[in-house]
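Note sheet for the following structure.
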Amino acid sequence: MERGLALLLPVFLGLLQRGRGGPLEVEPPDSVVAVSMGGSRQLTCRLSCADHRAPSVQWRGLDTSLGAVRSDAGSSVLSVHNASLSAAGTHVCVGSCGNLTLQRTVQLLVFAFPDQLTVSPVALVAKQDREVACTAHNVTPASPEALSLSLLLGDRELGEALSREVEEEPQQGEDLLFQVTGRWLLPSLDTPTPPALHCRATMTLPGVQLSHQRAIPVLRSLTSREPPGTTSPEATPELSSTRSSESPAPPAGNSSARPCRPKIHQSPAAGGLELLCEAACGPGVAVGWTQAPGGLEAYQRREAGARAWLSVPRAGCGPEGWFQCRLDPGGQMASLYLVAEVCSPPAPPALWTGSLVLGLLLLALLAYRLRKRCRPAR
């Protein structure tokens, strides 16, 4: 009896081993994989069977359409090219060895995090500006766990933001993107005044941590041309007065080493000034005005591709403040500060009329007295 059991044991073990396989391997091994919008990623699934049978491996999607899938004996590769938000979702790799079926799930996250930070104001005036806003444009996801904004003085964060606002960007395609704005109330800055503060945006996802940063120069006063220290030329806005001449352009030899950025030019026009924002970046770019004292609706504007004009009326003493334009795509900004002309308010018409009448009365009285004195006695 025992001998018969010994003979049957190998046969029984062989039946148990039939259909056994090794572990189902996925590369990358993380359960959550992030890919940037417009980027590419491959997910590879492998399986080997212990009894040398040919395994079956296939990617399947639960809540989204699959990308390009290429499967052969023992492996299946899911390739995502030019990723859009529709590629995000849960993907399942299913492998089988005989009657044994295994599966692994991978969640694919698609994120957007371009270097498109804007700040308001574009420069701070020492002892005057108290609130700062920083906005990250065309981003997703926009949750606080994924995207954080911070305001830095050197390496130190200036406390928590007063508020956080999330708005949808104007939709240019099927992908829904957001703009996230943080606002801070500035404490009194130490003496000496720091040369700049920095706005930083950080995207944190599984296996991904990216940061963008933009400087906010601190000016000594509204009429100061340089911040009290050295800042990068890309981050320092142009400061100008309506009575000043244009700053010299950088040497042409350095232009190829720098990213394309818009520039603002000013020229006299009938009844005021005309500002021109232009970007010599080749075809496929456009510029537009994004900020002006009193709001853009108070000005006449005209845009044509890489050029945008804005008329500044010189009513009274003229407007004073920051004018700002933006380059798309790219999000680079150019800024110009106009200082109002020094002028005296005109006298009211009633005052001029009263003075004229009084002068005529005095002149008539003087003529009457002279005529009376010079009349010969009879």
Side-chain angles (χ1 to χ4, degrees), residues 36-38 112-124 132-140 147 149 151-152 167 169-170 172 177-182 195-203 210-219 225-227 230-240 246-266 275-292 296 301-310 321-338:
S36 63
M37 197 165 71
F113 187 52
D115 189 2
Q116 294 181 9
L117 282 180
T118 59
V119 293
S120 179
V122 292
L124 297 170
V132 172
C134 176
T135 302
H137 293 271
N138 295 305
V139 298
T140 191
L147 180 69
L149 296 173
L151 190 65
L152 304 177
E167 299 178 2
E169 290 277 15
Q172 299 179 352
L177 302 177
F178 301 91
Q179 56 177 264
V180 182
T181 301
L197 302 180
H198 289 83
C199 165
R200 176 183 293 170
T202 303
M203 179 70 73
L210 301 172
S211 293
H212 300 311
Q213 189 166 288
R214 181 174 177 84
I216 313 174
V218 180
L219 309 178
R225 276 192 168 269
E226 296 294 337
T230 303
T231 58
S232 63
E234 290 85 359
T236 305
E238 183 182 355
L239 182 67
S240 178
E246 291 290 338
S247 301
N254 296 336
S255 59
S256 60
R258 296 185 178 181
C260 180
R261 295 184 178 274
K263 294 183 180 180
I264 298 178
H265 309 283
Q266 53 179 318
L275 302 184
L276 168 62
C277 175
E278 65 176 350
C281 307
V285 300
V287 295
W289 292 98
T290 59
Q291 179 179 329
L296 292 173
R301 290 171 290 144
R302 182 166 56 92
E303 298 177 359
R307 288 188 167 193
W309 292 265
L310 184 144
W322 288 104
F323 292 82
Q324 188 178 78
C325 66
R326 173 178 170 176
L327 171 68
D328 288 312
Q332 288 83 1
M333 313 288 287
S335 302
L336 175 73
Y337 194 97
L338 288 184

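Owing to the predicted nature of the structure, the values given are computational and were not obtained by experimental measurement. Values reported hereafter were calculated over all heavy atoms of this structure, with side chains retained and with hydrogens, waters and symmetry mates removed.
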Which pair of non-hydrogen atoms, one from [X] and one from [Y], has the smallest distance, and what is that distance?
{"X": "Gly182", "Y": "Leu149", "answer": "N-CD1, 3.5 Å"}
{"X": "Ala133", "Y": "Thr181", "answer": "CB-CG2, 4.2 Å"}
{"X": "Leu327", "Y": "Ala279", "answer": "CD1-CB, 3.9 Å"}
{"X": "Cys277", "Y": "Pro262", "answer": "SG-CB, 3.9 Å"}
{"X": "Ile264", "Y": "Ala334", "answer": "CD1-O, 3.6 Å"}
{"X": "Ala123", "Y": "Ile216", "answer": "CA-CG2, 4.2 Å"}

Side chains of [X] and [Y], heavy atoms from C-beta outward: is any pair under 4.5 Å?
{"X": "Cys134", "Y": "Leu151", "value": "no"}
{"X": "Trp289", "Y": "Leu275", "value": "yes"}
{"X": "Arg307", "Y": "Leu276", "value": "yes"}
{"X": "His137", "Y": "Arg326", "value": "yes"}

Quick one: pull up [atom1] in [X] and [atom2] in [Y] and give me the separation to the nearest 0.5 Å.
{"X": "Gln332", "Y": "Lys263", "atom1": "CD", "atom2": "NZ", "value": "13.5 Å"}
{"X": "Glu278", "Y": "Trp309", "atom1": "CD", "atom2": "CH2", "value": "8.5 Å"}
{"X": "Met333", "Y": "Cys325", "atom1": "CE", "atom2": "SG", "value": "7.5 Å"}
{"X": "Leu310", "Y": "Glu303", "atom1": "CG", "atom2": "CD", "value": "9.5 Å"}
{"X": "Leu152", "Y": "Leu197", "atom1": "CG", "atom2": "CG", "value": "9.0 Å"}
{"X": "Thr135", "Y": "Glu167", "atom1": "OG1", "atom2": "CD", "value": "8.5 Å"}

Taking [X] for the side chain and [Y] for the main chain, is one N or O donor matched with an acceptor at less than 3.5 Å?
{"X": "Thr140", "Y": "Ala112", "result": "no"}
{"X": "His212", "Y": "Phe113", "result": "yes"}
{"X": "Glu169", "Y": "Leu177", "result": "no"}

For Gln324, run the side chain to side chain contact (heavy atoms under 4.5 Å, CB included) check against Thr290, Leu296, Thr118 and tell me which one passes. Thr290

